[in-house]
Asker: 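My questions will all concern the structure given below.
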Number of protein chains: 4
Amino acid sequence: MPKTDGYLTRERILQVAETLFSEQGYDAASIGAISKLAGINKATIYYHFSDKRSILHALYEDMIMQMRERIVKNNSSDSNIMDHIKKEVDFLRQKKDIVSILLMEAMKTNNDDDSLFLIASSEINREKNRIINLVNSPEKKNLFLAHEFFTGFIPIFSFVVLEDKYRKYFGISEEQVIDAFFAAIKRAHFDTHVI
Amino acid sequence: MPKTDGYLTRERILQVAETLFSEQGYDAASIGAISKLAGINKATIYYHFSDKRSILHALYEDMIMQMRERIVKNNSSDSNIMDHIKKEVDFLRQKKDIVSILLMEAMKTNNDDDSLFLIASSEINREKNRIINLVNSPEKKNLFLAHEFFTGFIPIFSFVVLEDKYRKYFGISEEQVIDAFFAAIKRAHFDTHVI
Amino acid sequence: MPKTDGYLTRERILQVAETLFSEQGYDAASIGAISKLAGINKATIYYHFSDKRSILHALYEDMIMQMRERIVKNNSSDSNIMDHIKKEVDFLRQKKDIVSILLMEAMKTNNDDDSLFLIASSEINREKNRIINLVNSPEKKNLFLAHEFFTGFIPIFSFVVLEDKYRKYFGISEEQVIDAFFAAIKRAHFDTHVI
Amino acid sequence: MPKTDGYLTRERILQVAETLFSEQGYDAASIGAISKLAGINKATIYYHFSDKRSILHALYEDMIMQMRERIVKNNSSDSNIMDHIKKEVDFLRQKKDIVSILLMEAMKTNNDDDSLFLIASSEINREKNRIINLVNSPEKKNLFLAHEFFTGFIPIFSFVVLEDKYRKYFGISEEQVIDAFFAAIKRAHFDTHVI
DNA sequence: GATGAATGAGCATTCATTCAT
DNA sequence: CATGAATGAATGCTCATTCAT
């Protein structure tokens with residue numbers, strides 16, 4: 001089955017929406033702006049998506065699917081932790097836009113959008129599997145979760161989003177930032193893994 | 001003297017704006033909604049603030065001032081790290097709303113608002129002073145900064161914002177979450193301080 | 001084909017805008033009033049015109065186009081001056097609304113809108129062609145221009161705008177005003193043409 | 001009696017209002033802008049004037065008064081027409097701002113503001129007195145009036161307002177424009193006076 | 001699949017004006 | 001005389017969305 005034209009249009013909409021949502025935030029990015037930048041009629045967007053929010057959800061689903069695919073492929077757990085971190089960060093840097101959207105939406109205190117936690121869970125589960133001796137006491141579980149989420153997941157997700165601004169603000173070169181971040185996250189998170 | 005004390009009106013606007021910006025995001029929270037919730041005429045808001053953005057900046061400045069005051073007062077560095085973390089987090093939990101706004105705005109990839117980094121810098125400087133032997137090599141400096149920002153500042157700021165949703169999503173009690181977070185951040189960040 | 005023909009909507013907007021701009025002045029005539037009087041939704045006006053100013057410019061362009069068409073048609077220069085003046089004034093009386101807008105906008109001392117001079121130039125060029133022996137000395141040129149602009153163009157444009165008020169204020173009948181104006185402009189301007 | 005402070009405030013408001021009304025038009029110039037530019041509180045303006053329109057009327061009255069004063073002084077009719085025109089234009093050039101306001105307001109087709117005609121009448125009466133043999137037939141009267149108003153008053157008033165833009169648009173020096181205008185108005189209007 | 005045209009509701013902002021002091 | 005504070009109504013303009021074609 002060949003991909004239809006309609007499919008390409010849908011993809012283009014998602015692509016442009018991802019960019020604009022990430023640049024300006026979901027609320028500030030208008031359907032009109034997406035339509036203009038994509039070169040697609042506004043009404044056509046509503047042919048492919050029922051409303052603005054459903055574009056966001058399609059973006060989320062895309063990301064979740066790609067993470068699942070990665071898990072299936074990368075089942076060969078890296079023995080080398082550094083290699084593992086690097087692959088992780090490299091993947092997320094490409095996803096920078098959707099990651100920023102995910103974080104911004106999760107931080108609206110009124111928003112009951114679970115997507116960030118959904119994705120975090122799946123990431124953390126991968127990690128759980130990478131680690132052998134997981135103790136079962138509730139305290140250990142809570143500590144493990146807090147460790148994974150707040151000192152692993154959040155720093156990495158925040159890094160890919162804030163990297164550029166961090167570099168600009170502190171006047172650090174790209175290479176140096178990456179090296180420093182890898183070293184920091186290794187020491188703080190991976191070398192202290194709760195096991 | 002005029003009808004009412006304008007200072008109180010200004011404070012009320014800031015208070016309500018902080019709540020709504022945090023709940024819905026800066027863009028989704030409208031001046032009309034702020035005016036309605038504050039019981040203050042829309043035009044009165046514009047008597048006190050030149051535009052919507054300047055309300056945000058007033059909020060930022062308030063936070064920066066309060067952090068400066070804290071630094072001046074808390075010069076007696078806690079010998080006990082745990083006490084120090086707890087005070088830090090307790091303070092920020094009260095500031096949860098402005099913290100969420102700060103993070104959301106920083107994560108707009110097009111936004112050149114430096115406020116998050118400004119505040120982080122000030123926090124990190126306090127930390128720098130708490131730690132005695134700071135080495136001067138650029139690599140060490142970069143590592144120290146990355147450690148502070150991405151494994152200290154960002155996790156703590158994210159925690160106060162995401163705490164509630166985290167608890168709800170993972171079904172953990174308030175006390176347990178706090179304990180687990182304290183333990184995790186201690187192990188990952190404070191016990192591994194770059195010195 | 002869409003619900004209605006957008007061209008008609010656009011024309012209706014221009015028509016109503018011309019009336020209201022002329023009646024109240026550009027600034028006092030609101031888009032809301034235009035929308036209400038035209039029976040067209042406010043947002044529809046912004047579908048057809050990017051902003052309020054661009055409605056004004058569309059009006060100017062319409063007038064310029066109609067003047068160009070007239071020039072092309074009326075190449076047979078009237079041998080009788082009186083016939084010529086009458087045709088000229090008759091045409092402009094139909095354009096009274098846009099003429100009044102043009103004059104009002106030109107008289108804002110801060111406004112760098114050239115439209116009045118653009119149109120005057122084109123009118124004066126027609127006149128230049130009607131007259132045979134045009135001398136080339138700069139003084140003569142300046143005199144010719146001043147004569148055409150200030151004692152020909154401006155009086156005629158002002159006449160079509162102020163005619164009604166002039167009649168009412170001085171208590172003169174329509175026919176008498178026209179006759180008197182024709183006689184006056186003939187004596188003062190056309191009979192004294194700089195040649 | 002010394003001029004009070006309040007009097008000076010009132011004068012300053014009128015002065016600034018005249019400038020802004022002339023620059024932007026009556027409707028576009030806001031009380032807020034006047035207050036800011038004058039360095040006078042908005043409420044203070046309402047202490048001196050009942051509403052916006054009454055500022056305009058005060059401006060009109062000032063102009064009318066000054067014209068009356070001139071008539072009383074200048075009763076020695078210049079035997080030299082050229083001198084007379086020059087004095088007339090020189091006076092009006094200083095009044096450029098109020099003249100532009102007067103013309104703009106008169107050109108709103110809905111406006112029943114008579115001020116322009118009031119002032120024109122007074123000017124034309126002076127002229128009537130300068131000229132000896134005024135015939136009494138209605139036709140002659142109408143012609144005289146049309147001649148004075150449309151080929152004398154309107155060109156001169158328009159000249160002082162449009163002079164700068166005219167110069168800029170046609171690329172003519174200040175001196176040349178004045179000379180050309182004087183020559184044109186002399187030939188067209190004064191040399192052809194209806195008597 | 002796609003689009004030009006249209007819309008009701010809402011946006012941030014400004015208006016002329018008021019009033020207690 | 002003067003002003004800081006406040007306001008109802010309006011401003012120009014944009015929003016997400018709809019619908020006939």
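Reminder, nothing fancy here: chain letters follow the sequence lines and each chain counts from 1.
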Asker: Write down the partner of dT21(E) under the Watson-Crick or G-U wobble criteria, each distance required to be under 3.5 Å.
Answerer: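 Partner of dT21(E): dA2(F).
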Asker: Look at the side-chain N and O atoms of T44(C) and state whether any lies under 4.0 Å from the OP1 or OP2 oxygen of dT7(E).
Answerer: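 Yes, such a contact exists.
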Asker: Looking at Y26(A), I'd like to know if the NZ or CZ of R53(A) sits under 6.0 Å from its six-membered ring centre while staying within 45 degrees of the ring's axis.
Answerer: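 Checked: cation-pi criterion met.
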Asker: Would you say the side chains of T109(C) and S100(D) form a donor-acceptor pair under 3.5 Å?
Answerer: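 On atom types as modelled, these side chains do not qualify, holding no pair under 3.5 Å.
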Asker: Can you measure I55(B) atom CD1 to dT13(E) atom P for me and round it to whole angstrom units?
Answerer: 8 Å
Asker: Can you tell me how far P of dG4(E) sits from CG of N41(A), to the nearest Å?
Answerer: 5 Å
Asker: Hunt down the Watson-Crick or G-U wobble partner of dG8(F), both distances under 3.5 Å, from any strand shown, or write none.
Answerer: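 Result: dC15(E).
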Asker: May I have the distance from K52(B) (atom NZ) to dC13(F) (atom P), rounded to whole angstrom?
Answerer: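 For the pair K52(B) NZ and dC13(F) P, the rounded distance is 19 Å.
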Asker: Is D27(C) salt-bridged to K52(C), cutoff N-O under 4.0 Å?
Answerer: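 Salt bridge: no.
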Asker: Heavy atoms under 4.0 Å, any strand shown: does A29(D) hit a base, just sugar-phosphate, or nothing?
Answerer: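 Sugar-phosphate only.
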Asker: Under 4.0 Å between a side-chain N/O of T9(D) and OP1 or OP2 of dC1(F), yes or no?
Answerer: no
Asker: Do N110(D) and Q24(C) have side-chain N/O donor and acceptor atoms under 3.5 Å apart?
Answerer: no
Asker: Rounded to the nearest Å, what distance is computed from the CD1 atom of residue I45(B) to the P atom of nucleotide dG4(F)?
Answerer: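 Rounded to whole Å, this separation is 21 Å.
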Asker: If you find the nucleotide of DNA chain F closest to K42(D) and the one closest to G39(D), which residue's nucleotide is nearer the 5' end?
Answerer: G39(D)
Asker: Rounding to an integer number of Å, can you tell me how far K36(C) NZ sits from dG12(F) C1'?
Answerer: 14 Å
Asker: Closest approach of D51(D) and Y46(D), non-hydrogen atoms and distance?
Answerer: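 The answer is CA-CE2, 3.9 Å.
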Asker: What integer distance in Å separates Y46(D):OH from dA20(E):P?
Answerer: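 After rounding, the reported distance stands at 18 Å.
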Asker: Name the residue closer to the 5' end of DNA chain E, choosing between H48(C) and I31(B) according to the nucleotide with the nearest heavy atom.
Answerer: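 The residue whose closest nucleotide sits nearer the 5' end is H48(C).
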Asker: Does S30(D) reach a base, just sugar-phosphate, or nothing at all? Heavy atoms under 4.0 Å.
Answerer: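 The answer is sugar-phosphate, as S30(D) gets under 4.0 Å only of primed atoms, P, OP1 or OP2.
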